[in-house]
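Taking it in order: structure first as structure tokens, then the write-up.
All values below come from the heavy atoms of this structure, side chains included, with hydrogens, waters and symmetry mates left out. Atoms within each ligand, like the ligands themselves, are counted from 1 in listed order. In this text, all values refer to a predicted model and were calculated from it rather than measured experimentally.
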Amino acid sequence: MNLKENLQFIREDIENILIKSGRPSDDVELIAVTKTVGTEIIKESIDLGIKNIGENRVQELERKMDEIGNKVNYHMIGHLQSNKVKYIIDRVHLIHSLDRISLAKELDKRSSTNNSIANVLIQVNVAEEESKFGLKVSEVLPFIEKVLEFENIRIKGLMTIAPYTDDEILLRNIFRTMFKLKEDIVGRKYDNLTMDYLSMGMTNDYKIAIEEGSNMVRVGSGIFGKRNY
Ligand SMILES: *Cc1c(COP(=O)(O)O)cnc(C)c1O
């Protein structure tokens, strides 16, 4: 794999999709998903301009934050166990995977102890896949209203992981549902909540996600090559 070429390809591709959609060419934030990728290669990607790193496991995220330091923003994109919140709170820029009140409670507790704010996205499992975490679409509004009671949490948007498929129509419907949900939430004008980010789109489906309104994509293998677990 050639990191520089991959990155250049993805960036140009994203810009072209945006321009075709009539949006500003910098309207999407690219998160480089670095799970299983070694620190040296991550540092190379940072030298090539990567500003956001995404990890889905707390231990790996912690180790990489220690080794790489503060020159990038870190995103927790995977399922987060409440007992691991203490290891990453105050070190991550954004948690993409808030999906239950028990986790909100822990995030709020740890943040208020530190006098800080936890920035989160609500994870939505639009396709209601058994294998994935996240709320059903119908559960999102009541969930948000509960989370708004926690003073040390700020909801910044929504995140979804679409099924791994090449069924374009299915993917488009999922992303469109997310966009509509976001617009619905914006229309309700809640205090202390913004819908800044719609985190959707991975290597397999970022094109469709952006066409349907994503402004934050999480790309791993498209940048770093196929993962070896
Ligand atoms: C692994 C992962 C990605 C990136 O997947 P690729 O197909 O390699 O681009 C994005 N989001 C989440 C939550 C992931 O776990």
(request) Using a strict 4.0 Å cut-off to heavy atoms of Ile161, name the atoms of ligand 1 that fall inside it. (result) 13 (C)
(message) Heavy atoms only, cut-off 4.0 Å: how does Lys35 contact ligand 1, side chain, backbone, both, or neither?
(response) side chain
(request) Identify whether Val219 and Tyr197 are in the same connected component of the hydrophobic contact network (ILVMFWY, side-chain heavy atoms under 4.5 Å). (result) no
(request) Please state whether His96 comes within less than 4.0 angstrom of ligand 1, counting heavy atoms only. (result) no
(message) My understanding is that only residues two or more places apart in sequence, or in another chain, count here; which of them pass side chain to side chain contact (heavy atoms under 4.5 Å, CB included) with Lys136?
(response) Glu128, Ser138, Glu139
(message) Classify the ring geometry of His96 against His75: parallel below 30°, tilted from 30° to 60°, perpendicular beyond 60°.
(response) perpendicular
(request) Flag Ser221 as yes when one of its N or O atoms lies below 3.5 Å from any N or O atom of ligand 1, and as no otherwise. (result) yes
(request) For the pair Arg172 and Glu211, find out whether any cationic side-chain nitrogen is under 4.0 Å from an anionic carboxylate oxygen. (result) yes
(message) Under 4.5 Å between side-chain heavy atoms, counting indirect links through other Ile/Leu/Val/Met/Phe/Trp/Tyr residues: same cluster for Leu135 and Leu148 or not?
(response) yes
(request) Output all residues satisfying side chain to side chain contact (heavy atoms under 4.5 Å, CB included) with Leu48, sequence neighbours left out; order by chain, then residue number. (result) Leu3, Lys4, Leu7
(request) Of the side chain and backbone of Asn204, name the one, both, or neither that has a heavy atom under 4.0 Å from an atom of ligand 1. (result) neither
(request) Say whether Val219, considering both its backbone and side-chain N or O atoms, lies within less than 3.5 Å of an N or O atom on ligand 1. (result) no
(message) With heavy-atom distances below 4.0 Å as the criterion, list the atoms of ligand 1 near Gly220.
(response) 4 (C), 6 (P), 8 (O), 9 (O)
